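It should be emphasised that the depicted structure is a prediction, and the values quoted were computed from it without experimental measurement. Every number for a ligand or one of its atoms is a count from 1 in the order of the listing. Count residues from 1 along the sequence.
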Amino acid sequence: MHRQLAKILDSIVIYNNIYNYLEGQLKEEVCNGRGMDDEAGVGLLNPYAQTKVGNDTIFGWWARFQEAVASGADAVNGTIGALLEDDGSLAINQVVDAAIRQAPPVEIAAYAPLKGLPAFLDLAVTLALGENRTKLEQLGITTTATATPGGSGALYLAAANFANRGDKVLLRDRHWGPYKGFLNGCGLTYATYPLLPSKDSSIPYVDIAGFNSELEKLCQSQDKVMTWLNDPAHNPTGLSMTAEGRMALLDAIMESASRNENVGHTLLLDAAYHLYADEPHGWAETIAEALDNGMPWPENLLITISVSLSKSHTVYGLRTGALVSLHPDSAVTERIGTVMGVTGRQTWSAAPRIAQYTVSTMHADEQSGAAWAGERDRLRDLLVTRRNALNESCSKLGVPLNPTMDGFFAWIESDDPTALAEACAEQDVYLVPLTGGVRIGLCAVPLSQIPRVAEALANALA
Ligand SMILES: Cc1ncc(COP(=O)(O)O)c(C=O)c1O
């Protein structure tokens, strides 16, 4: 009896710690989403502001998990989108943490240059392109980078500058929920194509036919088209494209740009989780290979990469990332650098300095860079073992999990995601119902509890 009570109390302490950590992140959603009077402030808020309503789905399901723990249930937490150790504490890259604590006071207190610290901007290009950077530069590709408050800042820069107000941006039908808000805030909406191809497609994990047909429609009605692609390690499914899929998509957008020479084409690669993927720099490799094979780069095509240090360096709260753009004409990349710098200045001023300083100093030294990679590998292994266990348990039980390879999440399609998540919650397994399916936060579920996730899904589907 005593032991059971101690176990419950321990769980409550752990989850209270997580609660405190997430409280800041979620405060806005809670205020917006719960018990607010829709009419309040109508005379003060502009019509667009009035459309902003809280989206507390993830918080709501996480709160239910907490309540279950508090009432003594042995509940499983698949709700949170941050990497947790198997004991439920926040996973932290210890090498980054130690380096931040040693930073000189001035690197904490001072502003960064408006576009970012030069050493960080250089690092951001390497983080985006990896070992293919030199080859791409030798092939004539020029780059520019702007430091941003996280990957979210980079997405905002792209939304604000690479599309005309009123345009549609092309997304896959399963995508990270906040994309809609970034786009709407810049006067944009979106069109979608399916995440996965039909069964008879020869190219796996990307619906090239759907992509082509939506892209063509947009080219008929817009003089700029932009598409956002969260690859590798897609949120919310964990899907990563293959080399063949990447080449087919690159080919498709290059071909469209050549055919529609008066339509600007921007391919944005959202690399929020790429450093945890099996092929972190697959896109740079594919681009280099295409150029090497003589693929001509149309001047109306831009490739831009949204880099985030939040997960790769576990500095979620230090708000550090970059937008890295690639084009063969240096005049174009220079101009883009200026536009992004000015947009940042007019939106958040400069991005925070401390992680720019620490991470660029750390990666400049071979030994500390290797130590970071060691820690990153340790954290990636948490995800790999949890994912392997989930795939194995699901296939044993016949649970039709979506293909999932890398990153923080796994996914199951569902016509009624809420009913599926409710049926799992009845078995004390808490997941998040989203549009078109249920997200399984592998990043949060301890390895020992993974089989329970598969069992809950199997029972729920039965
Ligand atoms: C798909 C995706 N893109 C971008 C981001 C941006 O992350 P941040 O702004 O914390 O760097 C996230 C964070 O969860 C994400 O899941």
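For ligand 1, the 4.0 Å heavy-atom shell contains residues G150, G151, S152, L155, W176, N230, N235, D270, A272, Y273, S308, S310, K311, R319.
Side chain to side chain, N402 and T237 fail the donor-acceptor criterion of an N or O pair below 3.5 Å.
Taking the six-membered ring where tryptophan is involved, the planes of F182 and W176 are tilted, since the angle between them lies from 30° to 60°. Between H281 and H274, the angle of the ring planes goes over 60°, which puts this pair in the perpendicular group of the 30/60° scheme. Below 30°, between 30° and 60°, or above 60°: for Y273 and F409 the angle between ring planes is above 60°, a perpendicular geometry.
D270 contributes atom CG, which lies 5.0 Å from atom CG of L155 (distance to the nearest 0.5 angstrom).
In summary, of the residues considered (L267, I336, L326), a side-chain contact (heavy atoms from CB on, under 4.5 Å) with L302 occurs for I336 alone.
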